Amino acid sequence: MRTGDYKQTYGELVALVDSPPVWLWSAVLVLALIAAPHVLNSYALSLLTVILITATGALGLNILTGYTGLISLGHVGFLVTGAYAYAVLVAKYQMHPLIGLLGAGVVPAAASLVVGAPSLRLKGLYLAITTLAFSFIINTAILEMRWLTNGARGISVQRPQMFGVSFDGDAAFTYLCLAIATLTLFATLNIRRSRVGRAFVAIRDNDTAARVMGINLHAYKLLAFVTSAFITGIAGALYGLYLSFVSVEGFPFLLSIEALAILIVGGLGSALGAVLGTILIGLLPEATRIILGLFSAQMDALFTTGAQELKSMLYGLVIILFLRFQPRGLVGAWHDIRRTWVHWPLRY
Amino acid sequence: MPTTLPTSTHAAATPQAVPERDCLLEFRNIRILYDNAIEAIRDVSIAVPDGGIVALLGSNGAGKSTLLKAMSGILYTEEGVIENGSIRFRGEDVHHLGPDELVRRGIVQVPEGRRVFAALTIDENLQMGGYTRTNAEARERRDRVFALFPRLHERRDQIAGYMSGGEQQMLAIGRALMTDPALLALDEPSLGLAPLIIDRIYEVIVRLRDELKMTVLLVEQNAQRALDIADYGYILETGRVVLDGPSKKLVANEDVQEFYLGISASGRKSLRDVKHYKRRKRWLS
Amino acid sequence: MQYLLQLLISGLAIGAIYGLIAMGFAVIYKSTGLVNFAQGEMTMITAYVAWTISTTVSGNVFVVAIGAILAAVVLGLVIERVVMRPMLGEPVFATVMVTIGLAVILRSAINFIWDAYPHGLDVGMGRGIAHLGGIGVRTGQIAVIVTLLLLLAAIWAFFRYSKIGVAMRAVAADDRTALLMGISAKKVHALAWAASSVISGIGGVFFALSYDLSPAMFQLGLKAFPATILGGLDAVLGSGLGGLLIGITENLAGGYIGSGTKEVAGFAMIIVVLMVRPFGIFGERDIERV
Amino acid sequence: ADPGITDTEILIGDVEPLTGPPALLGVAASIGHKIAIAETNAAGGINGRKIKYVLEDDGYVTARTIQGVKKVIDVDKVFAMLGISGSGQSIAVMPVLEKAGIPTVIDVAPVKFLWEPPRKNVFVIGQSYEEGIIHLVNYLADKNPGKKWGLITQDDDYGVTVRDGFDSVVKAKKLNVVYSGNYKKGQQDFSSDMLQLKESGAEVFLAGGIIAENIAMMKELEKLGVKPVTGIFWPGRIEPVLKLMGPAGDGIYAVDYVEPFAGAAGKAFLDKAKPLVSEAEFKGINRYTMTGYAAAKVLIAAIERCGKEPSWACTIAELEKTKDVATGVMAPISFGPGVRFSNQKLQIMQADTATLSFKPVN
Amino acid sequence: MTALLAIENLSKRFGGLQAVADVSLQVAPGEICSVIGPNGAGKTTLFNMISGVLRPSSGSIGFDGIDLATIPPWRFAAAGIGRTFQNLALFKHGTVVENILTGRHTHLRSTVLDAVLWFGRTRREEISARQRVEHIIEFLEIEHIRDAVVGTLSYGQQKRVELARALACEPKLLLLDEMVSGMNQEETEDIARFVLDIRDELGITVLMIEHEMRIVMDISDRVHVLNFGRKIAEGTPDDIRRDPAVAEAYLGGNRAATTARTTTGADA
Ligand SMILES: Nc1ncnc2c1ncn2[C@@H]1O[C@H](COP(=O)(O)OP(=O)(O)OP(=O)(O)O)[C@@H](O)[C@H]1O
Ligand SMILES: Nc1ncnc2c1ncn2[C@@H]1O[C@H](COP(=O)(O)OP(=O)(O)OP(=O)(O)O)[C@@H](O)[C@H]1O
Ligand SMILES: [Mg+2]
Ligand SMILES: [Mg+2]
């Protein structure tokens, strides 16, 4: 039985994870993920890859929207910028893939300085609309700058070869995504428990008080944009690699909404929530497929043409029901479970 | 056997004590949980007699506001539930009723921190207070509120959010009076108000009781003021009633004097001379 | 000159449709504090119902209009009662997310019930072409502009003067206190959803009249939402005018700068306006006091 | 043995947009596949094996296309693939298909990238957009010499391809282009674009929209009181469009490589399809049903030729040997060593509003 | 002795409303000063200008030898100004500890990159910050709510967290806006004791707004009175108690008498 929260040193107080069971389970999870590419078939593996890439992107958005409270309706803009930065650098100018990945972070980060600038004046949805505008404007810009981006034709990208390792194989590519997703998770967790992360959250919860605490609102809002765009851009490059083809069409606006959905379903403002949300949203189509598969024989007979619509209706329904019963997201559910455990039968 | 069972359970469910005839509101053995885990109110019974002022005192976090929220039926908005006990209004169990129904029956509260509708004008705020009443009734009440608080009349077209704290408090009370309540609950009405204004507000409270025969449940930190006008008082500590009695008797209680009125055996002492912050209250030991 | 007038008229016509849907957004926002991501889909359903009535029951303009309005009311009420009401008191983000889920369901439902082909709405009028001093315009386009202006006036008065209109604002500002005043948040929300559904539904029907129905119609929501922001989220009047402004800007840009710049011009205009007025043209600044 | 084959069954996979606006093409194509499969199954299947059709929806989202294709290959373990979504989507799955080595016949969105360079296992039936537009513009240019031209295209790869084809004829024939527009995918209001077209005085107009866009453009032109000679391409050549365009659509030209439904071959196809599909599906038939049908026919024929124990290698070899296979819905289809593109013959048709149909010209 | 805070002819207008009009006042180091005045007199507005929430319409604020108009508002904290808010401005989704840690912001240095790596400086810094926070928690006796989410605390508890957060800034001047409103006698006594200790042990100068006359009269060294944005009186508590203008505008006749009486009782 764990006895509670008695810490011997201040170092323990600031530790990322303070309980051995959590370490244990994390280790098990990591081992499972490392083993995954060897046991999964290529379809399941591609699902895993997409989830890892999406989780990276969601963690990026989480910094901006979850931590700092700046709603972005156009995050796909950073995703597509990152993908193009990589494609242009590596496929067009034959740079080293590592430089490509770096560029995929840096270019959107630079763009985010422009997008973030209005955040000094605009709040909430008014700011959100400028991010939305950005994602449309960036699409137009990419289509117009044919000399650099091939315009509407898009750019084909090959999976990279780095440090003598080819990431062409599905397993290798999954490892790459796994590594980046894990790094991102640790990075965002560390940011959250540092001075910077507290500043972000302070801005979200009460910007006047934050300023009185000595937080430079302008700088930190921009910093949130830059950090978020950097991570999202890298996710964009991975996504482009996954698609093997970078084009404006491959990054539909709906991705922005889906990313927000992931955060909310996971539990806004929590890195763990972003990851859990990605898993839930990523596997939901699979789940609806399985549920409908149980009735597939009857369904095919009943609805020769509407089966797919039923499936997406079911998808929407599951999201609504989930939020109805777990409005604070998966992280909320997790806390409830834990608290009921701790407080059981009742602790005062 | 099967035929007797229902009657016996029914008999058991009926409370033993028939409500006192002149008791307008009564909390009976109330227990309240937040988030299914935090017990804010443990086992509280409070009776508010018709036409009187009852003061509810207690330190921060004692659960005073929680009781009022329960009374108004808005606990659910904060994940709070009444686990046990009942709230009776005019002898009838009301704790399952919705907030709008409670207002219609005559229970209204002025919430902690005033909470005026910031973007609405003073007139519109008052209009919202009279939401459950007909237009004619509302007009009549509004005139009465304006008579009570002439200042509101002066600034009736102003946006409420930009008024000073005292004006907002007046508005919040005025708005509650618009519902024409039988029971008016005030959650710390003197919070953040200048002494002069507090005087005025307390005058109004007394007038409401004396002239309109309104029953008042007064949650207050300023024990001196509250006990001055109240007929009866309850002291709440960590979710339990630790002391109650007619206010005269409470004022005379040594503990109350020391902890709530700041008077020790040697008279009122200066705050400069307070030495220790943490003392145990006698009724807790 | 004629060129400019023609651009302006067409801009007003499409802008009026954006404006109507934008008002739908604003009505819900103003009384519930929510952005309804399913607004475009609701608009679309009303338009499709209107089309179904016109092809199966009667193509008479009054029958179709009344049928569509009733359908919009029912749609709004059902959504409020079944989907939104259980979320009352839950965090705003979760509730907004529910509207996203709702949008997915409605969109698929439309494809499920109707097909993916475009359809034209024929109510015996509105498709004719009138010539105003040499400028061609469809009568339906004139009608939508007039309708928008009338609705703007009506709604402005409603929120300003009617008790229930004020109550809607009160609920949006602080629903818990509104509850304490005996205002039934449920009724207020139901009314808002019904009204919003009708207003944007009208926009949808006019759209079907002038531009045909197609499964891509829900994207109108994506056009109208910026209009709402431009006018001011909590300003119903402003959203209507915001729609007109976007319609005109897009058309002028398309006509003078070049095709393909329409969308960007609309957004650029919004950004410029917001930098000057951070809460939209008619929006009210948050009251912040510390 | 290769996957997707049991003693009684043979699995064929497909990924199409079955929801959202592009469902118009995805559903129609899948119906074409179903008709061919039903026809074969009714005749006893492929050498005794019934064909089972595994269909996935991608919602026109590239990432989902990739996952869908991986799913039908890895989880359902199909024997061959048909169709495959839009052009961007099929380009993106090309590496997956190539790596898997599964026999594939693409029929929905023929773009050069899919057959240049030729991939061993991927065959494409149809004609490139460039060739289509070149054919149409040449025809219109010859019929309307010395006229002023206007063109509007969508801002995606489809639009770019159309524009490239157009430009090549413009150069060759020195056409006088007075208007060249470009619209955003999903644009619904074309008033300013058409006004510009009118102002430019264009007499011949190529409407590069897909479906709803062309309708909106034609109605806008009607409002403005102009009626240039108009040409559209096959993606928009579906009959319901004519009803919506009304008189504005009368006489517009279209180019396509599949037979119009108004012709004898089209009617025969509909008669054949009627008993094989449900009523709702029958309503969903359009030109993409024909391309889908042709692709399925060619694939089935190739598998059939492999006899009792079909394998991927054999199927691919047989597909390569496809020579003048008649499907009844387009010109006979051929592939060859190093030739993965069937290069269908094009024809010009003209809309007839009275009968709501496209009729072949000359 | 030079003043720590020197306000000269400070004014603030909101549209047509003159919230603060031509106010001058000085606070010496180590003083406990009070600002009193009727509701809407402009007290909070004055604080807002001193703490950088609002920019003055005219006039100047000198603090510790610098003119505050010359530095951006977010530097005020680093310059040594800390405050609490009348209507609570906590980060309500965070725990008590997190809220107080945020107060340490200006005393920490790590950047995003340091934070991402989380060793060396960042770790050391965080540990020492945490140490300080624990001291403050102990000092203010809020150990039991240390890990509670602030939004769920009662009003009075939240006020204490505000105080703790302001202390974490290690200010030279602490602005307390109605610290004891909503607190009962006992808690008021606690706060009075804290304020005295803050000054005596931590050497922090305190400027407080209060409506609670007991604390104002008992512990402040000087009192400034505002009415309709203007300063109408200044002096020791005793001066103020006797000032007829103050009695009329603010205290009310009988009120002044009561306070006078009780305090005299204590003196006796
Ligand atoms: N929404 C909530 N969720 C969880 N706990 C809560 C919530 N609201 C109050 N509590 C807890 O319930 C207890 C009683 O709170 P309540 O607000 O009723 O106190 P109070 O007596 O009104 O105090 P104060 O005088 O400070 O206003 C406190 O310990 C508080 O932390
Ligand atoms: N942001 C603002 N915009 C407009 N008017 C304001 C603003 N802030 C304050 N005011 C007005 O300025 C005046 C002074 O307000 P302030 O909050 O400073 O008063 P106060 O002395 O702190 O009162 P209280 O004791 O009630 O807190 C009031 O009339 C108030 O309405
Ligand atoms: Mg309270
Ligand atoms: Mg104040």
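Residue numbers start from 1 in every chain, and the chains themselves are labelled A, B, ... in the order their sequence lines are given, proteins ahead of strands. From a predicted model like this one, the values you see are computed outputs, not experimental measurements. Note: hydrogens, waters and symmetry copies are ignored here, and every other heavy atom, side chains too, is used.
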Inset, instruction - Report yes if the side chains of E:Thr102 and A:Ile215 come closer than 4.5 Å at any heavy-atom pair, otherwise no. - result: yes
Inset, instruction - Could you check which of A:Ala219, A:Gly269, A:Ala187, A:Ala199 has the highest count of heavy-atom pairs closer than 4.5 Å to chain E? - result: A:Ala187
Inset, instruction - Counting only heavy atoms closer than 4.5 Å, note whether E:Arg109 contacts chain A via side chain, backbone, both or neither. - result: both
Legend entry - Atom pair OG/CG of A:Ser194 and E:Leu101 - distance to nearest 0.5 Å: 11.0 Å
Legend entry - A:Asp205 (side chain) donor-acceptor with E:Leu90 (main chain) under 3.5 angstrom: no
Legend entry - Rounded distance (nearest 0.5 Å) linking atom CZ of A:Arg193 with atom CZ of E:Arg123: 8.5 Å
Legend entry - Test item: E:Arg83 side-chain N/O and A:Val212 main-chain N/O as donor-acceptor pair under 3.5 Å: no
Inset, instruction - Heavy atoms only, distances under 4.5 angstrom: which of E:Ala115, E:Pro73, E:Ala77 has the most pairs with chain A? Name it, please. - result: E:Ala115
Legend entry - Check: A:Asn206 and E:Phe85 side chains under 4.5 Å, non-hydrogen atoms: no
Legend entry - E:Arg75 atom CZ: more than 12 heavy-atom contacts under 6.0 Å: no
Legend entry - Test salt bridge (charged side-chain N to carboxylate O under 4.0 Å, His left out) applied to E:Glu98 and A:Arg192, step by step: CA-CA 11 Å; E:Glu98 264 189 288; A:Arg192 176 65 186 84; 2.5 Å; yes
Legend entry - Where E:Ala89 and A:Ala209 come nearest, the two heavy atoms and their spacing: O-CB, 3.1 Å
Legend entry - chain E contact via A:Tyr220 - side chain, backbone, both or neither, heavy atoms under 4.5 Å: side chain
Inset, instruction - For each of A:Arg195, A:Met213, A:Arg198, A:Arg211, tally heavy-atom pairs with chain E at distances under 4.5 Å, and name the one with the top tally. - result: A:Arg195
Inset, instruction - Report the C-alpha distance between A:Ile191 and E:Val116 in whole Å, list the side-chain angles of each, state the deciding distance to 0.1 Å, and finish with yes or no for side-chain contact (heavy atoms from CB on, under 4.5 Å). - result: CA-CA 6 Å; A:Ile191 289 177; E:Val116 166; 3.7 Å; yes
Inset, instruction - Have a look at E:Val112 and tell me which of A:Asn190, A:Val226, A:Leu223 forms a side-chain contact (heavy atoms from CB on, under 4.5 Å) with it. - result: A:Leu223
